[in-house]
Amino acid sequence: MPTTVTPNGPDDSGSPHPFIPNTSADRAAMLDAIGVSRFEELVHDIPAAHVYPELRLTDNTPEPALTAELSALANSNATPGEYACFLGAGAYRHFIPAVVRAIASRGEFVTAYTPYQPEASQGTLQVGFEFQTAVCQLTGMEVSNAGMYDGPTAFAEAALMACRVTRRRTVAVLDTVDERLVEVLDAYVRYQGLEVQVVDSSSLRTPDGAACLMAQSPNVYGVIENMQSFIESAHSVNALAVAHVNPTSLGMFKSPGEWGADIVTAEGQPLGVPMSFGGSYVGLLACRQAHVRQMPGRVIGRTTDTRGRRGYALTLQTREQHIRRERATSNICTSTQLIALMATTYVAAMGKNGIRRIAELCYQKAHYAANRIARLPGYSLPVEGTFFHEFAVQCPRPPAEINRALLERKIIGGYDLSRRIPNGMLVCVTEMNSRQEIDSLVEALEDAGGRA
Amino acid sequence: MSSGPAARDRRLLMERSVPGRFAVAIPESDVPPAELPESSLLRDDLDLPEVAQLDLVRYFTLLSQLNFSIDTNFYPLGSCTMKYNPKLNDEAAALPGFSQIHPAQPFETVQGALRLMYELQQMLGEVTGLPGVGLAPLAGAQGEYAGLLIARAWFDSAGKSERTVALIPDSAHGTNPASAAMAGLEVVTVPSNDQGNVDLEALRAACDERTAVFMLTIPSTLGLFNPNILDITEAVHEAGGLVYADGANLNALLGLVKLGDLGFDICHSNLHKTFSTPHGGGGPGAGPVMVAKELASFLPAPVAALGDDGLYRFERPENAIGKINGFHGSFSILVRAWTYMRSMGRNGLREAARNAIINANYVQAKLRDRFDLAADRHCMHETVLSARRQKARGASALDIAKRLLDYGVHAPTMYFPLIVDEALMVEPTETESKETLDRFIRIMRQIDEEIDQDPALLHEAPHDLPNTRLDETTAARRPYLRWQQET
């Protein structure tokens, strides 16, 4: 292990690190210009007893050694592709065209800050406007913001938004919404004097006085919700209908905007964003024009410059924390602009037909897998309804045991759903799973099931 | 035809769309067809662009060239720590073993990823002196929110739920009061003294049995290290409250002092500032939350832990405030921060802080004859100038900021902190060379002279960018927020 940072020579006159250009001579000249003889005179406000604490960290690691160490760490993970992967439940493996990565790697996008100076940030701003346009087109909504942290936080912020719009304090959530979403919602409403009520999806009655009814479609079982009934139920008590959707499914299924939803949220990861062990992702949040001033997060608007040319700028900023402080619609500041860029380029690269065809491929392959698994001895599909690319399977043994057996055959099995369904497993199939992979899964499930 | 930025084709994707074009070929299905759902569930319209791949590349490349960025411009944006974002960090995050793994994979199959998170927790705990580390928060503001939920849960568990006041200095970032409000805390503003530091007497007077937390940015948003810091943390502790450090300015403290040693109980760190992960034009970031040992059981789920069997796993802390986002945090950003910290090492991190402070003081020393200082003393990693003299001569901080853009320099943070008139907050960072700073200083002095020589140069700036000043008032009054077919 290298022992010390850096002297480029024995006289210690070089820069201390490749990322710090000041040489000793530079520092001496600068300290002289400042009018001090030693650096320490600049920091005498720090209590003397606590300056220069011991730091139990390694010394600097030069790039070649660090690259090798990183590769070793990365290679010790089992990577989908090398393994067949049938996990979904909030993060999905899709084909990402090279063009998406290439564009999202450009330093001018990657190393820019939030576009507070619009004249020097038109690239970021126009991309954001394209993102808002794409989100509205997919969801069928009138207005989108420029992105939230991820799907679950967008879902939680939508509940807070509904409470502001309706001036009500109860958030109703269908019992078919993933616990992962509800747990984040709980963390967001906990100290705001708001109440979360779970609604039985079979009776589908929105409580009187609720600010909103929130549904997920496809839901926790992968099933497309009855959007019409859910929205009618919400509107029957003048609550807002909040739909949390999978954006890939919108390539073939009717958009929530068309059904009449008031707020739509989604996890944007399926739109060209690598799974990356859970982040960074982008949350989508779209709504009706009438509610735009209660929306959280950044919004980009088109305007003109002093010469009458089109340009873009952050707008409606009086909703935001840097202006409104404790009365802001949200505390969100830095969000996920670069991931929104990936989603935008993905949607453009796939285009009108590509998005539809990817959705149909997912649908076809998932149904092929489901039909085969349903015929296996000991396995069944216990949940009724139309599904998209995920479906619940009841296994003859606990899914944890089944998944261990699958792993031996280089298959990462489905998501453990036994909290909801005895021996339940949520299997996800996308366009990335070949017929051969699906057939191997079926075979492995059959073998693993028989060992009971 | 001019090739300057202003002359470029800015048409939107939908305005470039030609029916029948596409950028990516989609494979045919290799399974027998399944019956589609009933047509009432299906959509018949999907109004998305149709463009060829090269058109797509040219369009987005053109857009990228309309941006200022660290890779292309000096970007002394105060409070944002726009330091160089090392390329190795991005390469590391893109390794297939990191970028392609699913967040719910069995823990045995993601040992490398879990180990990296565990090690990052250790490193952040060591640098801040606050050993309980939660990597879940997805940005600074979410780190604040997590920290405040921890404080509330801790008081609740101690039977002190009546502690519902957050004391926040008037110089604080807007996220502090906004996060406090989301955590159901009542915000009480604490005034600054004439040196721009917290007024200790005012703080003591504000502390009482309802105080939950005092949130302090350190160094302050004026770039100052509060010389009374130990008295401040002691005063809050005596009143039974917790002290929260907004770590936005942590770059100034790396290896120089640990927040835990100063009496702070909770802090967050913006990895996209201090630890060199890119800003991405407004995220993604990451805002890990660090806490004292006695608060560690309240951290958001999950945290990475090392078992006796030598395997890494996710654990849910015993009194966890719950989950604040979908999975385990901004992993692709965490990889970058780990890479940076290992690349810098202990001496490199300390040198980062030292050189950031020298650079800021150098700029301050070379401009103080022309610009008023918000506080007339040595600064830490950033200096806050006031353009009040320039304003009196006819050019505002905004005019100066916009004129800087013409010289290819990104504007400093303007009009913040709110307690300084015509504020221009300059944070050069340690990754800029003396030559770059000298050029910036020359430009600032020249702009100061332009105010008297040709004020229109400032009032109408920027002149040479893709757009001149934008009409933000109309943008807000009549919001046009997505492309629509012109009728």
Side-chain angles (χ1 to χ4, degrees), chain A residues 5 16-17 21 26 30 34 45 50 55 57 59-60 73-74 76-78 87 103 106-108 110-112 114 119-120 122-124 133 149 152 183 187 191 254 274 276-280 301-303 305-306 311 315 321-322 325-326 328 331 334-338 349 352 357 367-368 386 435, chain B residues 23-24 26 30-31 34 37 43 48 60 63-64 66-71 95 97 99 102-103 109 112 138-139 141 174 177-179 181 184 187 225 227 261 278 280-285 322-323 326-327 330-332 345-348 351 361-362 365 433-434 465-468 475 480 482-483:
Chain A
V5 161
H17 192 278
D26 290 332
M30 292 164 88
I34 295 165
D45 284 339
H50 300 297
L55 269 194
L57 299 176
D59 289 317
N60 69 305
L73 277 176
S76 71
N77 300 319
L87 265 179
I103 288 166
R106 289 194 65 90
E108 300 94 325
V110 174
T111 71
T114 302
E119 302 87 353
Q122 284 298 304
T124 296
T133 301
Y149 300 133
E183 198 180 359
Y191 289 106
K254 195 182 275 189
S276 287
F277 204 40
S280 303
R302 191 170 95 181
T303 183
D305 69 11
T306 55
T315 192
Q321 48 77 28
H322 61 284
R325 298 174 81 83
E326 65 266 30
N331 68 339
T334 291
S335 182
T336 53
Q337 183 63 42
L338 190 71
K352 189 186 182 78
R357 290 185 57 196
H367 283 73
Y368 171 71
T386 302
R435 178 174 183 164
Chain B
V24 177
I26 309 293
D30 59 356
V31 298
R43 76 190 297 166
L48 289 174
F60 281 99
L63 290 186
S64 76
L66 305 182
N67 268 1
F68 278 29
S69 69
I70 300 175
D71 279 4
L95 288 169
S99 66
H102 190 286
T109 69
L138 297 179
S179 298
V187 174
F225 191 95
D261 291 348
K323 278 177 74 68
F327 293 105
S330 206
F331 181 73
S332 66
R346 59 181 157 194
N347 295 345
E351 287 302 327
N361 276 285
Y362 180 67
S433 66
K434 179 168 176 295
L465 269 67
N467 282 105
T468 53
Y480 187 89
R482 69 183 158 103
W483 175 85

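Please read all numbers here as calculations on a predicted model, not as lab measurements.
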I'd like to check [X] versus [Y] (side-chain heavy atoms, cut-off strictly below 4.5 Å). Are they in contact?
| X | Y | answer |
| --- | --- | --- |
| B:Asn67 | A:Gln122 | no |
| B:Pro284 | A:Leu338 | yes |
| B:Asn347 | A:Asn60 | no |

Any donor-acceptor N/O pair, B:Ser179 side chain to A:Asn331 backbone, under 3.5 Å: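 Here the side-chain-to-backbone pair does not exist.
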- request: Output yes when a side-chain donor or acceptor of A:Asp59 lies under 3.5 Å from a complementary backbone atom of B:Gly345, and no otherwise.
  value: no
Atom of [X], atom of [Y] and distance for their closest heavy-atom approach:
| X | Y | answer |
| --- | --- | --- |
| B:Trp483 | A:Thr133 | N-OG1, 2.9 Å |
| A:Ala112 | B:Ser69 | N-CB, 4.0 Å |
| B:Ala178 | A:Arg325 | CB-O, 3.5 Å |
| B:Val31 | A:Tyr368 | CG1-CD2, 3.6 Å |
| A:Tyr149 | B:Leu138 | CB-CD1, 3.4 Å |
| A:Arg106 | B:Ser64 | NE-OG, 2.7 Å |

- prompt: Can you tell me how far CZ of B:Phe68 sits from CD of A:Glu119, rounded to the nearest 0.5 angstrom?
  reply: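 Spacing of CD (A:Glu119) from CZ (B:Phe68) equals 9.5 Å.
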task: Rounded to the nearest 0.5 Å, what's the gap from CG on A:Asp26 to NZ on B:Lys434? Could you check?
output: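 The CG atom of A:Asp26 sits 6.5 Å away from the NZ atom of B:Lys434.
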- prompt: For the candidates B:Pro227, B:Gly280, B:Ala23, B:Gly184, which exhibits the highest count of non-hydrogen atom pairs separated by less than 4.5 Å from chain A?
  reply: B:Gly280
task: Could you check which of B:Gly326, B:Ala365, B:Gly281 has the highest count of heavy-atom pairs closer than 4.5 Å to chain A?
output: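 Option with the top pair count is B:Gly281.
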message: Please classify the contact of B:Leu95 with chain A as side chain, backbone, both or neither, using a heavy-atom distance under 4.5 Å.
response: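 For B:Leu95, side-chain heavy atoms alone lie under 4.5 Å from chain A.
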- request: Check each atom of B:Ala141 against the heavy atoms of chain A and say whether the ones under 4.5 Å are side chain, backbone, both or neither.
  value: both
Heavy-atom cut-off 4.5 Å, strictly under: side chain, backbone, both or neither for [X] against chain B?
| X | answer |
| --- | --- |
| A:Pro152 | side chain |
| A:Ser335 | both |
| A:Leu55 | both |

- request: Go through the structure and list residues passing side-chain contact (heavy atoms from CB on, under 4.5 Å) with A:Thr306, not counting sequence neighbours.
  value: B:Thr468, B:Arg469
task: Kindly write out the residues that satisfy side-chain contact (heavy atoms from CB on, under 4.5 Å) with A:Ser276, not counting sequence neighbours, or none if the list is empty.
output: A:Pro274, B:Ser99, B:Ser332
task: Report the option among A:Leu87, A:Thr334, A:Thr111 that has the most heavy-atom pairs separated by less than 4.5 Å from atoms of chain B.
output: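 Looking at each of A:Leu87, A:Thr334, A:Thr111 in turn, A:Thr111 comes out on top.
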message: With chain B as the partner, which of A:Gly311, A:Ala328, A:Gly301, A:Ser280 has the greatest number of non-hydrogen pairs under 4.5 Å?
response: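 The candidate making the most pairs under 4.5 Å is A:Ser280.
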